[in-house]
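By convention in this document, chain letters (A, B, ...) are assigned in the order of the sequence lines, proteins followed by strands, and residues within each chain are numbered from 1.
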Amino acid sequence: MQIPEASNFIQEIIVNDLTTGKRTEVHTRFPPEPNGYLHIGHAKSICLNFGTALKFGGKTNLRFDDTNPTKEDVEYVDSIREDVHWLGFDWEDREYYASDYYEQTYEFAEKLIQLGKAYVCELQGDDVSTYRGTLTEAGKPSPWRDRPIEENLDLFRRMRAGEFEEGRYFLRAKIDMAHPNMNMRDPAMYRIKKATHHRTGDKWCIYPMYDFAHPLGDWIEGITHSICTLEFEAHRPLYDWFLIALGLDNRPQQIEFARLNLTYTMMSKRRLLELVQNKVVMGWSDPRMPTVSGLRRRGYSPSSIREFADRIGISKADSMVDINLLYFCIREELNASAQRAMAVLDPIKVVIDNWQDGREDMIEVENNPENPAQGSRRISFGKEIYIDAEDFMENPPKKYFRLHPEGEVRLKGAYFIKCVNVLKDAAGKITEVHCTYDPASRGGESPDGRKVKGTIQWVSVAHAVDAEVRLFDNLFTLENPAAVPEGQNWMDFVNPNSLVKKQAKLEPMLGEATLADRYQFMRLGYFCLDSEDSKPGNLVFNRTVELKDSWGKSQAKV
RNA sequence: UGAGCUAUGGUGUAACGGUAGCACAACAGAUUCUGAAUCUGUUUGUCUUGGUUCGAAUCCAGGUAGCUCAACCA
């Protein structure tokens with residue numbers, strides 16, 4: 001196989017390994033802990049691990065890192081499986097669990113004891129950290145550090161047998177209590193936990209720590225490149241130490257990259273959980289959540305997320321990606337593919353005075369100007385239509401070229417209309433706009449060639465479909481919600497306008513929408529049915545992303 | 001005088017000792033039956049100080065700034 005060209009520093013390592021013959025294949029793994037839902041940061045890692053293996057003709061395992069039974073649950077296993085598949089990746093039959101290796105992991109631990117490289121410690125609570133020292137001072141050896149091998153073995157076996165209470169003993173690697181890297185100061189390998197594990201049940205009452213289980217899992221599976229995030233960098237010497245101490249050949253190589261940060265987005269699993277528990281959002285799959293399930297419900301496609309992951313690149317520098325790039329990726333895709341439709345979010349009624357009562361016209365409109373192959377559709381037009389309140393102004397600013405008194409505007413695909421009168425209620429609120437239409441402008445062109453700058457969407461009153469339309473905005477008002485100013489609470493930066501519900505009027509076709517459909521509501525944005533709340537007769541549409549709006553932006557400035 | 005890592009336009013990322021490029025964002029114009037899309041153009045960058053070299057974003061040294069590490073979490 002021709003070795004592809006590297007496009008980031010991890011691929012450079014791989015290309016180098018392949019060309020020097022250090023490796024003959026690439027085998028990665030995605031190792032989530034099943035203690036929460038996957039978010040877009042995980043999606044970056046999934047795309048990295050699966051994408052890299054794919055590029056080099058290798059494989060990727062899905063491995064659940066389930067070494068802490070008190071935090072993990074099958075609910076999360078199921079959602080993770082679904083999300084990885086949905087993103088478009090396949091681990092075939094290679095679905096593994098750290099718990100699959102508990103027996104082997106245990107044997108490796110005994111071996112380390114026999115080699116005099118691990119011991120059973122009985123330091124309690126604060127004493128453990130006291131003995132460990134601080135960042136600037138060396139630690140001191142545990143009193144149990146030189147326990148005889150036979151005694152260690154006996155104790156460790158009895159730990160497994162369940163003879164001791166939690167915390168009474170724990171197994172530690174015997175490395176160096178004065179090591180400048182705190183992770184090397186005799187780290188814990190096994191602890192007693194009398195908890196029921198979601199897969200192994202009550203078979204075990206001792207569980208391995210991540211630092212011990214992870215390199216072993218990688219080695220057992222034949223992983224070549226073990227890709228993880230930056231915070232594990234200081235753990236790499238330990239990762240290597242275990243494999244070397246056990247004399248294991250063909251060691252996997254741990255490589256770290258910077259995790260994703262997104263503007264206006266909370267990425268902390270713990271805080272996302274708080275949002276769910278405090279009912280700040282509707283749940284893990286709330287379309288405002290950065291979870292994979294939230295993005296899915298919002299209307300993002302797997303390919304748009306892969307495209308995003310591709311564009312942000314991979315490096316070791318901490319960074320903050322502009323959320324506009326995510327928006328760009330989904331707009332770019334939907335612009336090319338989405339069916340166009342007309343919808344009115346804040347309806348005001350327009351009555352066409354010179355239109356014959358009861359007369360109806362069928363108007364032909366293209367389904368997607370970006371792709372003529374998608375054809376066209378016919379829509380009923382009549383004397384009464386809805387337009388958006390935003391598309392009419394009694395006293396318009398300069399350069400406003402939507403409907404206004406004396407002004408002429410084109411109704412998409414239909415006719416030119418001109419405003420002749422405005423009706424209001426006692427409170428001064430506009431109730432009806434009366435217009436006249438130009439019969440010669442049918443289809444949206446006038447034979448006299450006069451230009452009409454504004455084109456607006458419309459919905460026939462007689463045929464309108466009612467629906468709830470949900471408009472989403474960033475969940476946080478702070479660009480970096482992870483860095484809240486001194487003395488303030490991150491919850492105070494939840495955007496109160498992150499969800500706005502509209503009672504909208506839609507063109508008839510949208511009444512037949514299915515979950516798989518993606519629409520561009522013309523001049524508004526991209527929308528899809530809400531997978532959880534939309535029901536026949538009670539439609540709910542979600543706005544995936546709005547269209548760019550240079551007019552709105554210029555108006556916001558004045 | 002703890003250790004490790006990182007530093008390129010507003011943002012993200014290339015350039016591997018030889019012309020600082022791409023994308024997003026922003027701005028301007030053209031175009032438009034979506035104030036979208038499209039097209040054209042513009043603004044803005046190698047953290048700093050030295051050194052090596054004909055030549056440094058790249059190599060070396062010192063600074064500075066940021067991130068990570070003292071769970072029987074992952």
Exercise. Answer syn or anti for B:A71, where the cut-off is 90° from 0 on the glycosidic torsion.
Key: syn

May I ask you to check whether [Y] and [X] place their ring centres under 6.0 Å from each other?
X	Y	answer
A:Phe257	A:Phe232	no
A:Tyr102	A:His197	yes
A:Phe521	A:Tyr526	no

Practice problem: Taking atom C1' in both B:U43 and B:G10, compute the distance separating them and give it to the nearest angstrom. | Solution: 11 Å

Quiz item: In whole Å, what separates the C1' atom of B:A37 from that of B:U32?
Solution: 9 Å

What salt bridge (charged side-chain N to carboxylate O under 4.0 Å, His left out) pairs are there with at least one residue in [range], not counting sequence neighbours?
range	answer
residues 183-193 of chain A	A:Arg145-A:Asp186
residues 448-459 of chain A	A:Glu408-A:Arg450, A:Asp438-A:Arg450, A:Asp448-A:Arg450
residues 123-141 of chain A	none

Self-check item: A:Ser550 vs B:A36: side-chain N/O to OP1/OP2 distance below 4.0 Å
Solution: yes

Quiz item: Using a cut-off of less than 4.0 Å, is there contact between a side-chain N or O of A:Lys548 and OP1 or OP2 of B:U34?
Solution: no

Quiz item: For A:Glu366, which residues count as a salt bridge (Lys or Arg N to Asp or Glu O under 4.0 Å) partner, sequence neighbours excluded?
Solution: A:Lys412

Self-check item: Non-neighbouring partners of A:Glu122 that pass salt bridge (Lys or Arg N to Asp or Glu O under 4.0 Å), sequence neighbours left out
Solution: A:Arg147, A:Arg168

[X] near the nucleic acid: base, sugar-phosphate alone, or nothing, with a heavy-atom cut-off under 4.0 Å?
X	value
A:Phe308	nothing
A:Lys412	base
A:Arg185	nothing
A:Arg172	nothing
A:Glu445	base

Please state how far atom [atom1] in [X] lies from atom [atom2] in [N], giving the value in whole angstrom units.
X	N	atom1	atom2	value
A:Glu507	B:U34	CD	P	16 Å
A:Met342	B:A36	CE	P	19 Å
A:Met177	B:G2	CE	C1'	15 Å
A:Leu547	B:U32	CG	C1'	14 Å

Quiz item: Is a donor-acceptor pair below 3.5 Å formed from side chain A:Glu370 to base B:U38, judging by atom type as modelled?
Solution: no

Quiz item: What about A:Arg236, does its side chain sit under 3.5 Å from the base of B:G4 through a donor-acceptor pair?
Solution: no

Practice problem: Check the pair A:Arg259, A:Glu231 against salt bridge (Lys or Arg N to Asp or Glu O under 4.0 Å), reporting the backbone distance first and the verdict last. | Solution: CA-CA 9 Å; A:Arg259 64 186 331 147; A:Glu231 66 269 25; 3.0 Å; yes

Quiz item: If only atom types and distance count, is the side chain of A:Arg331 paired as donor or acceptor with the main-chain N or O of A:Glu546 below 3.5 Å?
Solution: yes

Practice problem: Please tell me which of the listed nucleotides, B:A25, B:G35, B:U13, lies nearest to the side chain of A:Trp551? | Solution: B:G35

Exercise. Report the nucleotide, chosen from B:A36, B:A7, B:G35, that has the shortest atom-to-atom distance to any side-chain atom of A:Ala317.
Key: B:A7

Using a cutoff of under 3.5 Å, can you pull out all pairs of nitrogen or oxygen atoms linking the protein to nucleotides 20-23 of chain B, with atom names and distances?
unit_1 : atom_1 : unit_2   : atom_2 : d
B:A23  : O2'    : A:Arg311 : NH1    : 2.6

Quiz item: Of the residues in residues 451-460 of chain A, which ones touch RNA chain B at a heavy-atom distance under 4.0 Å?
Solution: A:Lys453, A:Thr455

Exercise. Any chance you could list the contact pattern along nucleotides 64-74 of chain B? Use B for base contacts, S for sugar-phosphate-only contacts and - for none, protein heavy atoms under 4.0 Å, 5' to 3'.
Key: ---SSBBSBSB

Quiz item: Taking atom CD of A:Glu5 as the centre, does the number of heavy atoms from other residues, nucleotides or ligands within less than 6.0 Å exceed 12?
Solution: no

Exercise. For residues 305-341 of chain A, pull every pair meeting ring-ring contact (aromatic ring centres under 6.0 Å, His included), keeping only residues two or more places apart or in separate chains.
Key: none

Between protein and nucleotides 39-44 of chain B, what N or O pairs are separated by less than 3.5 Å?
none

Quiz item: What stem regions, each of at least 3 consecutive Watson-Crick or G-U pairs below 3.5 Å, can be found for RNA chain B?
Solution: B:2-7 with B:64-69, B:10-13 with B:21-24, B:26-30 with B:38-42, B:47-51 with B:59-63

Show the atom names and distances, to 0.1 Å, of all donor-acceptor pairs under 3.5 Å that link a side chain in residues 312-323 of chain A to residues at least two apart or in another chain.
unit_1   : atom_1 : unit_2   : atom_2 : d
A:Ser315 : OG     : A:Ala317 : N      : 3.3
A:Lys316 : NZ     : A:Glu233 : OE2    : 2.5
A:Asp322 : OD1    : A:Asn324 : N      : 2.9
A:Asp322 : OD1    : A:Asn324 : ND2    : 3.1

